[in-house]
Amino acid sequence: EKDDAFHLEAETSGMTEKDVSIEFHDGILTLKGKCEQDSEVENNDYRIREFSRQSFERSFRLDGQIDPAMVSAKMDQGVLKVTMPKKEQAKPKKIEIKVES
């Protein structure tokens, strides 16, 4: 958490932005990911077929401090980075101290 936003990072190795979805509803941020891969090797003497499936789902309650219209996300080398800016009233307000002379 920073003064102006919450930042969330999630490792999503082997997944692309098409495999991951992000939803923000009623103060709850939900991350979902699903990836299915299969490979097949065929030779004269043998045949190998392998399947790999990964999935995850995580939810975070953010208590209405977030401006849902401003939430952004990006993928960077298998790491999902979500930035959730705070609403104006949720940001700390700095009060200047005046010195009288």
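- Side-chain contact between L31 and F60 is present, with heavy atoms from C-beta onward closer than 4.5 Å.
- In this structure E1 satisfies the side-chain hydrogen bond (donor to acceptor under 3.5 Å, both in side chains) test together with K86, sequence neighbours excluded.
- The closest side-chain heavy-atom distance from H7 to K2 is below 4.5 Å.
- In terms of the side-chain hydrogen bond (donor to acceptor under 3.5 Å, both in side chains) criterion, residue partners of E40 (sequence neighbours excluded) are, by chain and number, R47.
- L80 places none of its side-chain heavy atoms less than 4.5 Å from the side chain of L8.
- Within 6.0 Å of CD on E11 lie no more than 12 heavy atoms contributed by other residues, nucleotides or ligands.
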| said: The test is side-chain contact (heavy atoms from CB on, under 4.5 Å); show your working for L29 and M84 and say whether it passes. | reply: CA-CA 10 Å; L29 178 79; M84 301 160 282; 3.5 Å; yes
| query | Could you walk me through whether V71 and T83 pass the side-chain contact (heavy atoms from CB on, under 4.5 Å) check? | reply | CA-CA 6 Å; V71 174; T83 301; over 6 Å; no
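- For S59, the side-chain hydrogen bond (donor to acceptor under 3.5 Å, both in side chains) test picks out T30, with sequence neighbours left out.
- Contacts of D76 classified as side chain to side chain contact (heavy atoms under 4.5 Å, CB included), with partners at least two apart in sequence or in another chain: K81.
- With hydrogens and angles ignored, the 3.5 Å screen pairs a side-chain donor or acceptor of T12 with a backbone N or O of G78.
- The side chain to side chain contact (heavy atoms under 4.5 Å, CB included) check on K98 picks up nothing, with sequence neighbours excluded.
- The hydrophobic cluster containing V79 does not contain F56, counting ILVMFWY residues as joined when their side-chain heavy atoms lie under 4.5 angstrom apart, directly or transitively.
- When every heavy atom of P85 is checked against every heavy atom of M70, the shortest pair comes out as CD-O, 3.3 Å.
- How far NZ of K34 is from CD of Q54: 12.5 Å, rounded to the nearest 0.5 Å.
- Judged as a side chain to side chain contact (heavy atoms under 4.5 Å, CB included), and not counting sequence neighbours, the contacts of I48 are V41, Y46, E50.
- Under a hydrophobic clustering in which Ile, Leu, Val, Met, Phe, Trp and Tyr are joined whenever their side-chain heavy atoms come within less than 4.5 Å, directly or via other members, I28 and I66 fall into different clusters.
- In this view, K32 satisfies the salt bridge (Lys or Arg N to Asp or Glu O under 4.0 Å) rule with no residue, not counting sequence neighbours.
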Atom pairs and distances, donor-acceptor, side-chain atoms in residues 17-26, under 3.5 Å, two or more places apart:
from, atom 1, to, atom 2, distance (Å)
D19, OD2, T16, N, 2.9
D19, OD2, T16, OG1, 3.4

